[in-house]
Every structure is written in structure tokens, then in C-alpha cells.
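Heads up, the thing below is written out as C-alpha cells.
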Protein chains: 2
Amino acid sequence: MASTSDSPILVEPPRPVDHSDAEGVFKALASERRLLILDWLKDPVANFPPQVHGDPVEHGACNLFIVDKLGISQPAASRHLKVLVDAGLVIPTRRRGWTYYRRDEVALARAAAIAAAV
Amino acid sequence: MASTSDSPILVEPPRPVDHSDAEGVFKALASERRLLILDWLKDPVANFPPQVHGDPVEHGACNLFIVDKLGISQPAASRHLKVLVDAGLVIPTRRRGWTYYRRDEVALARAAAIAAAV
DNA sequence: TGGCGAGATAGCTACCACGCTATGTCGCTA
DNA sequence: TAGCGACATAGCGTGGTAGCTATCTCGCCA
């Protein structure tokens, strides 16, 4: 079981909001496809087909499902996911040759705090 | 005195968050210069020189001051301001040949709500 | 160990955002 | 009414982003 699967959203130390930080977060969110991905990952069980390996709640949704649902090429989807991972908003898990993605709720809460401070 | 100067942030009706809306807001915020402008406009009196015409609290800061403080050309600054105005985050006021800009706190609160819903 | 499938990377093209200079528009004032 | 100052718009060059196809890497399994 994932160590954070049944914890509430962790509380970050109240760090001051940095503009360059904020710019990076908003850049990562400034794409409809990436917003869709984040939305789908809110409920992997409802939004993706059943997975044979990898618990969708624990590890997240399988890369292939996201690629299919986006309807763009696999490399293009891969890059969108990389943008989200680099921004720290999504956590990848490699397992048995597949890669699963899940939301990082802590980082997303921090992003919301940044937006609230604009 | 500004009609909203001593009101709390107005409460918008709870409209559902739309992805294309969200993309537009995040695009407008995905620029360090525009984040700086929004930050400066939080306190026009402290961040800009005293204005001869136009109350900085009521109408906002004078375009010229923003251009100077950004340190870029006047057309470039003008376009950044247009992006913020088009996104509805900043309100322009033309008066006596000058243009003043102030934050739209309602729209900014809505932007924060959008970010919190991602 | 050879083959296959998942996914990242490379390399290309098209497009958009941002900077600049030059110029247009419009209102105020001498 | 001529001139000037504030601001927007036009046009151009450049860098970054998003899409694609082709290819590479690497783990799994027969």
C-alpha cells in the first residue's frame, strides 16, 4: 500500500510564494490537455479501463490509457506528462515495464495557494 | 473613494470550472512580468511614484509608471497589460489622456478558485 | 537469448509569444 | 489649429512549444 494513500492532504510549511515558482506552475497548467490529464487522474477508476497490473488508486493510471484518451501521438502525450512531472504536479511510477501516473495532491494544493496569493 | 475599496472580496456565484476558461487564466498568469504587474498593483501607492491626476487607489496605477518599472519598451508593456485586461484580471480606466490600471479582485478570486479545483 | 512491447528521445515543421522599432490615433493645450 | 504627449497597432526577428515520424533503450517472457 502506498504510504500516503489514506492520509489527508499533507500540510506544507508556509513557504513564501516566489514569482519564478509561480510562473513555472502556471506554465505547466496553461494547457488544456494537461488540465484534462489532471482531471482524469482525480478518478482513475472511473476515467480509465480496468488495469491488469498496478492498482489505479495507488500507482495511478497507465500511460497507455492516457495516450489513448488524449488522442494524440504517444511521444506528444509523453512530453505533456513530462511537463507535469517536471513541475512536480504528477508522480510517475515505473513497474513491470509500464509507467503509471498519479496526482501529487500536496504540490497541487501548493499551486492553489500560489494562485490565491496572486 | 472607490466603491469597492472597503468591501471584502465579492463572492461570485458558484459557477462550474471550465477547462478552456482555466487554460486562458493560466496562460495570462504564466509570465513573470505579468505576475509582477499584478503584485505591484496590490499597492499602487507604495510601488509607484505619486500621481498628479487619477487616484491610484480608485483608478489604479498610471501606464507610464508600469512601463518604467518593467524596464521594457512601451509597446511590449502595453501588450502585457492587454493580455491581463483581455483575461479580465485587470481593469483599465482612460482619463485625461492617461490610462490607469487596477486589479479586478473578483476575477482574481475566481482564478484562485479555478486553481483550487484543478 | 532472441523477440517483443512500453515508453523515452531525436529531429523536423508549424505556430505562438515576446522583444524591438516605426508609425498611427487621439485628446489636450499653446 | 498646430504641435505634442500618451498609448495602441503594425511589422519583423527570435526563441519556445506542440505536433508528427523514426529510432533507441530496456525489461519481460518464450
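Heavy atoms only: backbone and side chains are in, while hydrogens, waters and symmetry mates are out. Each chain gets a letter, A, B and so on, in the order its sequence line appears, and its residues count up from 1.
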| Of all the choices, C/dA22, D/dA6, D/dG19, which nucleotide is nearest to the side chain of B/P75 once you look at every atom? | C/dA22
| Within the structure shown, what part of the strands sits under 4.0 Å from B/R33 by heavy-atom distance: base, sugar-phosphate, or nothing? | sugar-phosphate
| message | Looking only at the side chain of A/R34 (C-beta and beyond, no hydrogens), which of the listed nucleotides D/dA6, D/dC20, D/dA18 gets closest? | response | D/dA18
| Once the angle between the rings of B/F65 and B/F48 is folded into 0 to 90°, is it parallel (under 30°), tilted (30 to 60°) or perpendicular (over 60°)? | parallel
| message | Tell me whether A/R102 contacts the main-chain N or O of A/A61 through its side chain, where contact means a donor paired with an acceptor under 3.5 Å. | response | no
| said: Applying side-chain hydrogen bond (donor to acceptor under 3.5 Å, both in side chains), can you list everything that pairs with A/K69, at least two apart in sequence or on another chain? | reply: none
| query | Over how many whole Å does the gap from B/L84 atom CG to C/dC18 atom C1' extend? | reply | 14 Å
| query | Can you tell which of D/dG19, C/dT29, C/dG19 lies closest to the side chain of A/H80? | reply | D/dG19
| field | Rounded distance (Å) that lies between atom P of D/dT9 and atom CG of B/L81 | value | 12 Å
| request: Measure from the side chain of B/N63, starting at C-beta and using heavy atoms only, and say which of D/dA8, D/dG19, C/dG7 lies closest. | output: D/dA8
| query | C/dT29 phosphate, OP1 or OP2: any side-chain N/O from B/R96 under 4.0 angstrom? | reply | yes
| Is it true that a side-chain atom of A/N47 and a backbone atom of A/W40 form a donor plus acceptor pair closer than 3.5 Å? | yes
| Verify same cluster id: A/L64, A/L36 (apolar side-chain graph, 4.5 Å) | no
| said: Please confirm whether the shortest side-chain N or O distance from B/S73 to OP1 or OP2 of C/dG19 is below 4.0 Å. | reply: no
| note | Quick note, A/R79 side chain, CB onward, closest among C/dG19, D/dA18, C/dA8 is D/dA18
| request: Please answer whether the main-chain N or O of A/A28 pairs with a side-chain N or O of A/R34 as donor and acceptor at a distance below 3.5 Å. | output: yes
| request: Using whole Å, report how far CD1 of A/I66 lies from P of C/dA8. | output: 10 Å
| task | When you get a sec, tell me which of C/dG19, C/dA8, C/dG7 is the closest nucleotide to the side chain of B/I72? | result | C/dG19
| query | Roughly how many Å is it from CD in B/E23 to P in D/dA18, rounded to a whole number? | reply | 10 Å
| message | Please report the distance, rounded to the nearest Å, between NZ in A/K82 and P in D/dG19. | response | 16 Å
| field | Residue B/S31, side-chain heavy atoms: nucleotide from C/dA8, C/dC18, C/dC20 that is nearest | value | C/dC18
| request: Hey, which sits more toward the 5' end of DNA chain D by its nearest nucleotide, A/A30 or A/G97? | output: A/A30
| request: Answer with yes or no whether A/Q74 presents, from its side chain, a donor or acceptor under 3.5 Å of a partner atom in the base of C/dA6. | output: no
| query | Using a cut-off of 4.0 Å on non-hydrogen atoms, how would the nucleic acid contact of A/T99 be classed: base, sugar-phosphate, or nothing? | reply | sugar-phosphate
| task | Find the bend of the helix from C/dT1-D/dA30 to C/dA30-D/dT1 as the angle between its two terminal axes (five pairs each), to the nearest 10°. | result | 10°
| said: Using only atom types and a distance under 3.5 Å, with no angle test, would you say the side chain of B/R95 pairs donor to acceptor with the backbone of B/Y100? | reply: no
| remark: note: A/I37, atom CD1; D/dA18, atom P; distance rounded to Å ~ 11 Å
| request: Whole angstrom is fine here: how far is it from CH2 in A/W98 over to P in C/dG5? | output: 11 Å
| field | Short side-chain N/O contact to C/dG7 OP1/OP2 from A/S78, under 4.0 Å | value | no
| message | Name the residue from B/V85, B/T93, B/I91 that meets the side chain to side chain contact (heavy atoms under 4.5 Å, CB included) definition with B/Y101. | response | B/V85
| message | In whole Å, I'd like the distance from the CG atom of A/D86 to the P atom of D/dT17. | response | 11 Å
